[in-house]
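First the structure, in the form of structure tokens, and then the observations on it.
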Amino acid sequence: MVDYISGLNDPQRQAVMHGDGPLMIIAGAGSGKTRVLTYRIAYLIENGIDPFRILALTFTNKAAGEMRHRIEKVVGTEARNIWMGTFHSVFAKILRIEARAIGYTSNFSIYDTDDSKSLLRSIIKEMGLDDKVYRVNSVFSRISGAKNRLIGPDDYLNNAVIQADDESARMPHIGRIYKQYSVRCFAANAMDFDDLLFNTNVLFRDHLDILNKYQHKFQQVMVDEFQDTNISQYLITRKLAAVHQNICVVGDDAQSIYAFRGANIENILNFQRDYGKENVKIVKLEQNYRSTKTIVEAANSIIARNKQQLEKHVFTDNEDGPPIDVIKASSDNEEGRLVASAIFETKMNESLTNNDFAILYRTNAQSRAFEEALRKMSIKYRIIGGLSFYQRKEIKDLIAYLRFTVNQQDEEAFKRIINLPKRGIGDTTVAKISVIAAEKQDSIWEIVAEITKHVAGRSAIAIEGFADLIKSFKLLLDQKDAYEVASHIAKASGLLKELYDDKTVEGLARYENVQELLNAIKEFVDNPDNEEKSLAAFLQSVSLLTSADEKEDDGDNDKVTLMTIHAAKGLEFKNVHIVGMEEDLFPSQMMLESRNDLEEERRLFYVAITRAEKRLTMSYAETRYHYGRLKMCEPSRFLMEIDQRYLKMSKLRSAPSRMDFDRPERANPGRDRSESTSTGSMAFVRSLAQKTARTQTPQTAATHTPSPDFAPSNTADLASGQRVEHAKFGFGTVKQVDVNGTERKATILFDVVGEKTLLLSFAKLRVVT
DNA sequence: ATGTTTGCGCTTTTT
DNA sequence: GCGCAAACAT
């Protein structure tokens with residue numbers, strides 16, 4: 001047997017060996033929380049608890065996987081049987097089993113945020129509401145917020161406070177939209193993310209026999225990152241633990257950073273009250289093993305100002321370590337350069353690897369300057385977050401096919417694939433079918449499946465072809481495993497062929513992505529941890545993946561990590577750079593405006609600081625191109641853009657006589673393009689390029705030479721799909737806001753680097769001092 | 001029905 | 001910049 005107990009400190013041991021009854025572990029940052037949790041589970045198993053009767057809820061799939069792995073090292077393969085995963089994945093699994101009880105079938109679809117918003121968009125349109133007033137994003141977040149507080153559509157409509165709220169927000173019909181949204185999701189046999197939790201609550205509320213089954217089944221319930229649970233999640237755990245009273249929650253109130261998503265810090269603050277003060281055992285893990293004294297003290301001093309918190313004193317026996325550095329940069333680009341060279345220097349001086357470094361920022365958009373600077377210094381980096389693999393169009397397309405094959409009620413999947421690849425079924429036809437379906441009170445699929453009975457003509461034949469295709473796919477479901485079905489669908493649907501025929505660079509990449517998805521399905525089928533290998537099971541696991549779960553793209557893992565602070569939770573690095581530390585950016589102006597929650601921003605800062613083991617560097621820029629981003633795009637698209645702009649410019653036959661990129665204060669808002677003198681476009685391009693070369697920093701200017709013949713001549717390259725390396729500059733326009741708040745159009749530069757095109761834009765400028 | 005162009009609004013964090 | 005939708009053209 002592995003002796004893991006003797007290496008633990010006192011409170012850690014108490015937590016691991018605690019027997020029955022509610023247990024709350026307050027785990028300061030770096031206090032060995034994961035260790036305690038894994039050992040506790042291992043300890044329970046060694047002491048005779050059946051792994052099938054342990055429920056462990058984590059925040060990410062990755063955390064669950066890692067923990068399972070570590071438990072396996074102690075207790076062996078038994079660890080596989082633990083019910084462990086995120087709230088969403090575990091309860092999706094339970095809902096699959098119990099779907100019938102709440103009127104769903106077990107192959108229900110899971111709508112991701114895009115699906116939800118697309119459905120909301122249709123509903124808003126159908127209801128004849130103004131989509132400029134009813135913004136999809138705000139409607140979605142209102143509905144999501146309601147669901148997280150367990151307020152269903154009818155409660156929502158009957159709640160005077162909420163109605164008054166919507167009234168004053170000038171969106172009085174949100175309740176009706178919500179109601180319709182729920183009806184449509186249900187009709188589509190689909191649940192969104194929030195529904196997975198909401199419906200679990202409904203299931204347990206309305207079906208006491210089912211609740212009873214799980215209450216007795218789960219002898220031990222563990223919740224990791226308890227500070228980030230919302231009311232809906234909290235109630236589920238509370239119900240499940242009601243019989244055995246064996247609930248163990250682990251968390252750190254100081255690291256609660258998801259209130260914007262409905263997380264309720266009260267859950268952790270009130271745990272004792274809810275389970276009875278005398279029954280709850282509280283263990284505080286206060287010794288930090290991760291960071292230097294300097295870092296721990298810095299973190300403590302930030303959090304000390306918060307009012308809402310549990311009492312604890314995080315300390316460390318580690319050495320003092322180096323002082324915290326602050327880098328002041330004049331612009332965001334300089335910040336990038338300074339951080340990159342600081343990383344380079346530290347790496348050399350202390351013979352470290354890229355892996356030892358992380359750059360943490362408040363918003364994803366900030367990554368640009370750092371990417372650029374790191375690339376220039378040939379330091380490898382990886383970005384966590386942003387657009388994930390599963391959000392790519394080609395992936396979503398194939399998944400929509402798979403989803404529709406499994407569940408023909410899935411309206412969003414249907415909309416996506418009905419005319420993909422193009423088969424001559426347009427919007428009017430789809431609208432016609434919807435009308436017929438509504439008249440006959442049938443689902444759309446019932447009409448589509450027997451289209452010839454309802455409609456005749458050319459479009460009917462096309463739809464019949466589609467219906468036959470889906471019918472043939474359905475037949476495979478029971479005969480073949482998920483991988484075989486999926487690859488058949490990819491081929492037979494024509495999706496794969498369409499991508500294969502596309503010989504452009506991006507077409508090739510898309511083709512490979514689809515292959516990659518098929519590989520992932522194969523892996524899923526081959527993985528012994530997955531007891532169910534159906535396509536439906538795969539789809540559910542896939543919809544609940546997070547950006548943190550993405551696997552490493554290649555073998556080279558020695559990279560500097562760039563990510564948001566939120567994404568960094570649970571990770572640690574020797575050296576951490578917290579960047580963009582400016583008023584309104586971090587702390588975020590939006591957060592302060594919308595929620596007025598400076599405390600959460602402080603906790604976010606706390607999380608960021610405590611990721612560092614040895615060295616912490618903070619930086620800020622005096623001038624920042626706030627929404628300026630460096631984006632990758634393919635050469636062909638780039639050329640198209642250039643071409644468009646060029647033509648537009650030729651048409652206008654005018655150009656600004658004065659352009660200033662670097663210094664907004666010197667901008668001349670009174671002058672705009674229309675009143676400028678008419679100049680030849682090429683001359684304008686040249687002067688623009690020269691001007692920019694001058695105003696940019698010397699090293700940038702040196703590497704960029706204006707190319708006189710970049711625009712129309714390159715269209716040929718677009719057609720042949722060749723790489724274009726000689727194009728150096730292009731231009732476009734963006735809105736720019738100067739210090740006085742005056743808006744004007746500004747010209748931006750396109751900058752081509754190698755095979756990728758980088759679009760460098762300066763928009764909505766804001767100066768921070 | 002489909003392809004192309006143009007204009008508009010948005011842009012915190014994410015299961 | 002991006003995604004989207006409306007307008008316009010084929």
Side-chain angles (χ1 to χ4, degrees), chain A residues 57-61 63 85-92 110 112-114 117-118 121 125 131-132 135-138 141 144 148 192-197 225 228-230 232-233 257-263 360-366 368 384-388 393 419 422-430 458-459 462 543-549 563-569 580 584-595 597 600-601 603-604 607 626-633 637-638 640-641 643-644 647-648 732-735 748 750 757-764:
Chain A
L57 300 164
T58 60
F59 202 65
T60 63
N61 296 293
T86 61
F87 272 91
H88 290 83
S89 68
V90 166
F91 294 109
I110 296 175
D112 66 14
T113 312
D114 289 342
K117 288 185 178 168
S118 148
R121 205 164 297 144
K125 208 173 209 173
D131 62 357
K132 305 234 157 41
R135 301 225 164 275
V136 175
N137 281 326
S138 35
S141 75
S144 172
N148 287 332
D192 67 18
F193 288 144
D194 301 318
D195 286 335
L196 293 173
L197 305 172
E225 307 282 12
D228 288 324
T229 53
N230 60 33
S232 183
Q233 292 166 320
I257 55 175
Y258 282 101
F260 72 93
R261 207 171 74 193
L360 308 182
Y361 34 77
R362 179 67 233 262
T363 70
N364 277 313
Q366 283 166 259
R368 193 218 78 214
I384 311 275
L387 194 65
S388 84
K393 181 188 176 299
N419 199 25
K422 294 272 169 333
R423 46 171 78 85
I425 305 169
D427 295 345
T428 29
T429 315
V430 175
R458 189 160 16 143
S459 54
S543 4
L544 299 171
L545 285 182
T546 66
S547 52
D549 298 322
M563 61 187 150
T564 63
I565 300 168
H566 283 88
K569 198 167 67 155
D584 291 349
L585 223 202
F586 187 26
S588 147
Q589 184 188 27
M590 270 217 180
M591 175 67 114
L592 297 186
E593 268 170 18
S594 64
R595 311 179 32 87
D597 199 347
E600 179 150 321
E601 291 292 296
R603 293 194 291 266
L604 201 54
V607 169
H626 202 90
Y627 288 126
R629 283 179 295 178
L630 188 68
K631 282 270 169 161
M632 303 286 235
C633 79
R637 172 157 188 156
F638 166 67
M640 214 170 67
E641 290 277 339
D643 221 33
Q644 275 183 20
L647 288 173
K648 200 171 172 182
T733 52
V734 290
K735 215 187 311 181
I748 61 171
F750 294 74
T757 301
L758 310 164
L759 300 186
L760 191 63
S761 80
F762 301 155
K764 195 173 178 186

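Each chain gets a letter, A, B and so on, in the order its sequence line appears, and its residues count up from 1.
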(request) List for me each residue that meets side-chain hydrogen bond (donor to acceptor under 3.5 Å, both in side chains) alongside Ser232(A), sequence neighbours excluded, and say none if there are none. (result) Asn201(A)
(request) Rounded to whole angstrom, note down the P distance from dT13(B) over to dG3(C). (result) 16 Å
(request) Taking atom P in both dT11(B) and dA5(C), compute the distance separating them and give it to the nearest angstrom. (result) 16 Å
(message) Nearest whole Å is fine: how far is dT13(B) P from Ile565(A) CD1?
(response) 11 Å
(message) Over all strands shown, is Tyr258(A) touching base, sugar-phosphate only, or nothing at heavy-atom distances under 4.0 angstrom?
(response) sugar-phosphate
Under 3.5 Å, which N/O atoms of the protein pair with N/O atoms of nucleotides 1-4 of chain B?
{"from": "dA1(B)", "atom 1": "OP1", "to": "Gly426(A)", "atom 2": "N", "distance (Å)": "3.1"}
{"from": "dA1(B)", "atom 1": "OP1", "to": "Thr429(A)", "atom 2": "OG1", "distance (Å)": "2.8"}
{"from": "dA1(B)", "atom 1": "OP2", "to": "Thr428(A)", "atom 2": "OG1", "distance (Å)": "2.3"}
{"from": "dT2(B)", "atom 1": "OP1", "to": "Gly424(A)", "atom 2": "N", "distance (Å)": "2.9"}
{"from": "dT2(B)", "atom 1": "OP2", "to": "Asn419(A)", "atom 2": "ND2", "distance (Å)": "2.9"}

(request) Measure from CG on Asn230(A) to P on dT14(B) and round the result to the nearest Å. (result) 17 Å
(request) Write down the distance between CZ (Arg121(A)) and C1' (dC10(B)), rounded to a whole number of angstrom. (result) 12 Å
(request) Figure out the CZ/C1' separation between Phe59(A) and dT15(B), and round it to whole Å. (result) 7 Å
(request) Can you sort out the partners of His566(A) under ring pair (Phe, Tyr, Trp, His ring centres under 6.0 Å), two or more places apart, ordered by chain and number? (result) Tyr258(A), Phe260(A)
(request) Let me know the distance between NE2 of His566(A) and C1' of dT13(B), rounded to the nearest Å. (result) 4 Å
(message) Let's see if you can work this out: which of dT15(B), dA5(C), dT13(B) has an atom nearest to the side-chain heavy atoms of Thr564(A)?
(response) dT13(B)
(request) In whole angstrom, give the distance that lies between atom CG of Asp228(A) and atom C1' of dT13(B). (result) 11 Å
(request) Take the protein atom CG of Leu197(A) and the nucleotide atom C1' of dT14(B), then report the distance between them rounded to whole Å. (result) 13 Å
(request) Name the residue closer to the 5' end of DNA chain B, choosing between Thr58(A) and Asn137(A) according to the nucleotide with the nearest heavy atom. (result) Asn137(A)
(request) For Thr363(A), enumerate each residue passing the side-chain hydrogen bond (donor to acceptor under 3.5 Å, both in side chains) test, keeping only those at least two apart in sequence or located in another chain. (result) Gln366(A)
(message) I want to check one thing: is the phosphate of dT13(B), taken as OP1 and OP2, less than 4.0 Å away from some side-chain N or O of Arg362(A)?
(response) no
(request) Return the value, rounded to whole Å, for the distance between atom CE of Met563(A) and atom C1' of dT12(B). (result) 17 Å
(message) Restricting to side-chain hydrogen bond (donor to acceptor under 3.5 Å, both in side chains), what partner residues turn up for Asp192(A), sequence neighbours left out?
(response) Lys147(A), Tyr181(A)
(request) Return the minimal non-hydrogen interatomic distance between Thr86(A) and Leu57(A), and the atom names on each side. (result) O-CD2, 4.2 Å
(message) For Thr564(A), give me all partners under side-chain hydrogen bond (donor to acceptor under 3.5 Å, both in side chains), at least two apart in sequence or on another chain.
(response) none
(request) For Asp194(A) and Ser144(A), test the side chains for any donor-to-acceptor distance below 3.5 angstrom and give the result as yes or no. (result) yes
(message) Closest approach to the side chain of Arg135(A), judged atom by atom: which nucleotide of dT12(B), dT14(B), dC10(B) is it?
(response) dC10(B)
(message) Under 4.0 Å from OP1 or OP2 of dT15(B): is there any side-chain N or O of Thr113(A) that close?
(response) no
